[in-house]
Amino acid sequence: TTSFCLLVHSLVQSKLYWPASSLLQTVLERGENPSSVFQNVFASYKRSVFNSTYGFDLLIQNYVQSRRVLDSVVVVKSMKECGLFPEVRTISAVLYGLIKIRRFEMVLGLFDEMFMSSKLVPDSYVYAAVIRSLCELNDYDRAKEMISWAEKNGGCKLNVVIYNVLIHGLCKSGRVWEAVDIKKMLGFRGLRADVVTYCTLVLGLCRVDEFGSALDLVDEMVEYGIVPSEEALSSVVDGMRRKGEVGKAYGLIDKVGKLGQMPNLYVCNAMLQSLCKDEGLEKAKTLFMQMEEKGLLINDISYNIIIDTFCKRGEVDEAIAVFGRMINAGIQPT
RNA sequence: AAGGAUAACCCGA
């Protein structure tokens with residue numbers, strides 16, 4: 001093992017990271033416990049003339065990638081005890097490993113240990129991990145405190161992702177209006193809501209049946225040229241439709257359609273149905289054309305709705321024409 | 001030089 005470790009350090013010195021990493025992998029597979037592996041790597045580090053500590057980072061990475069996150073934590077802590085520090089990026093990989101196994105308290109503990117009592121400066125990835133953990137622990141007060149603290153003396157410029165994490169957490173906990181407030185404050189921090197911010201809020205609002213506000217947000221994002229996801233758009237359109245606001249729902253499809261986005265087929269079919277019933281056939285036909293243009297995979301149900309409507313109006317010729325198009329499109333009549 | 005981050009999507013329980 002000692003020769004392995006010496007070799008690792010020298011490979012790292014020559015920037016041969018990939019071989020160094022696979023060498024470490026074989027060391028890990030020997031099943032030694034992480035502190036003794038660390039001792040070995042540390043002993044050969046001291047003996048060698050190389051001064052890059054990146055070999056330790058690779059060791060940590062290897063543990064994380066082998067889903068041995070807790071072992072990676074041992075190495076990080078051992079390094080600190082020996083006065084060595086991994087790169088911030090490496091620590092962040094460990095933090096996300098911990099999040100994946102839902103050890104949120106450990107994320108907070110490691111954050112304190114590594115960043116509160118050293119010269120290491122957390123970056124936005126690290127803050128995102130901490131905020132995420134606080135949200136998962138339902139401690140939104142502390143999450144907000146942490147953000148204000150980081151804004152003042154965090155040493156790095158917070159980006160929109162951090163706020164998106166908080167917004168998502170609040171929405172998931174049903175605190176949608178707080179989430180909306182956070183978004184409103186982004187401007188004062190020199191940030192702009194992005195597609196994730198908007199989609200998260202839109203879906204959060206839909207989940208608590210606030211379709212009107214969701215609609216306003218979609219309007220706003222479209223003004224900024226941000227295209228809502230199919231999922232977000234579908235939720236709002238279907239919500240408005242179920243509230244009986246079929247006209248508004250249709251207007252939204254029309255508007256967003258110009259940006260190339262359509263609701264999913266389910267929602268479109270429901271809209272066809274509602275338009276035929278409440279708004280007359282013209283709009284339904286227009287929607288149907290849009291669905292064809294946008295390449296939505298129209299199914300038998302979509303055709304049946306149109307055919308049925310023509311039949312009910314006694315326009316059998318039209319119905320047969322649509323039936324013909326259906327056959328041409330290769331769809332089995334049902 | 002590396003599989004370091006947030007919605008949705010997907011898959012499994």
Side-chain angles (χ1 to χ4, degrees), chain A residues 8 11-25 52-67 69 72-73 76 86-100 102 104 107 110-111 114-115 120 122-136 143 147 150 156-173 176 179-180 182-183 186 191-207 214 217-218 221 226-236 261-267:
Chain A
V8 166
L11 285 169
V12 165
Q13 206 65 31
S14 326
K15 306 200 180 217
L16 297 171
Y17 301 108
W18 199 84
S21 184
S22 55
L23 208 54
L24 279 167
Q25 190 58 39
S52 164
T53 60
Y54 199 72
F56 296 98
D57 288 74
L58 288 179
L59 177 63
I60 295 165
Q61 289 266 339
N62 268 287
Y63 272 124
V64 174
Q65 282 162 26
S66 318
R67 293 204 216 91
V69 187
S72 78
V73 174
V76 172
E87 290 186 3
V88 172
R89 198 176 154 155
T90 303
I91 300 175
S92 142
V94 173
L95 296 179
Y96 280 95
L98 287 171
I99 286 177
K100 220 177 273 171
R102 308 192 60 80
F104 306 114
V107 172
L110 193 60
F111 171 80
M114 299 309 291
F115 296 102
L120 278 189
D123 66 4
S124 53
Y125 288 74
V126 169
Y127 280 120
V130 172
I131 298 303
R132 165 84 189 273
S133 301
L134 287 168
C135 288
E136 295 278 357
I147 288 183
C156 91
K157 175 108 182 67
L158 300 190
N159 62 20
V160 72
V161 173
I162 318 265
Y163 297 92
N164 286 347
V165 171
L166 177 59
I167 286 171
H168 178 231
L170 287 167
C171 285
K172 242 182 26 185
S173 305
V176 190
V180 171
I182 305 274
K183 182 236 150 209
L186 284 179
L191 295 171
R192 284 269 277 258
D194 67 2
V195 62
V196 173
T197 321
Y198 279 111
C199 290
T200 307
L201 283 170
V202 166
L203 287 167
L205 286 164
C206 287
R207 219 167 287 145
L217 270 186
V218 176
M221 69 192 291
I226 303 174
V227 184
S229 67
E230 181 188 289
E231 190 58 32
L233 178 61
S234 304
S235 295
V236 184
Q261 184 65 276
M262 290 284 281
N264 63 39
L265 184 56
Y266 245 48
V267 171

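Quick note: numbers below take in every heavy atom, side chains included, and nothing from hydrogens, waters or symmetry partners. Residue numbers start from 1 in every chain, and the chains themselves are labelled A, B, ... in the order their sequence lines are given, proteins ahead of strands.
- Within 4.0 Å (heavy atoms only), N159(A) reaches at least one base atom of the nucleic acid.
- Of all non-hydrogen atoms in S124(A) and C156(A), the two that sit nearest each other are N-SG, 3.6 Å.
- A donor-acceptor contact under 3.5 angstrom links the side chains of S21(A) and N62(A), judged on distance only.
- Across all strands, V165(A) comes closer than 4.0 Å only to sugar-phosphate atoms, never to a base (heavy-atom distances).
- On the nucleic acid side, RNA chain B has its first and last nucleotide under 4.0 Å of a heavy atom of chain A at rA1(B) to rC9(B), going 5' to 3'.
- Looking at heavy-atom distances under 4.0 Å, T197(A) makes no contact with the nucleic acid at all.
- The CG atom of N159(A) sits 7.5 Å away from atom CG of L191(A), with the distance rounded to the nearest 0.5 Å.
- The residue D57(A) sits apart from the nucleic acid: no heavy atom pair falls under 4.0 Å.
- Within the nucleic acid shown, Y96(A) comes within 4.0 Å of sugar-phosphate atoms alone, with no base atom in reach, counting heavy atoms only.
- Between N264(A) and E230(A), the shortest heavy-atom contact is CB-OE2, 3.1 Å.
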Subject >> Audit row: Y54(A), Y17(A), ring-ring contact (aromatic ring centres under 6.0 Å, His included) steps and yes/no >> reply: CA-CA 9 Å; Y54(A) 199 72; Y17(A) 301 108; 5.4 Å; yes
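- Within 4.0 Å of S21(A), counting heavy atoms only, lies no atom of the nucleic acid at all.
- Across all strands shown, Y54(A) has heavy atoms under 4.0 Å from base atoms, whether or not it also approaches the sugar-phosphate.
- For I131(A) against A143(A), the heavy-atom pair with the smallest separation is CD1-O, 3.6 Å.
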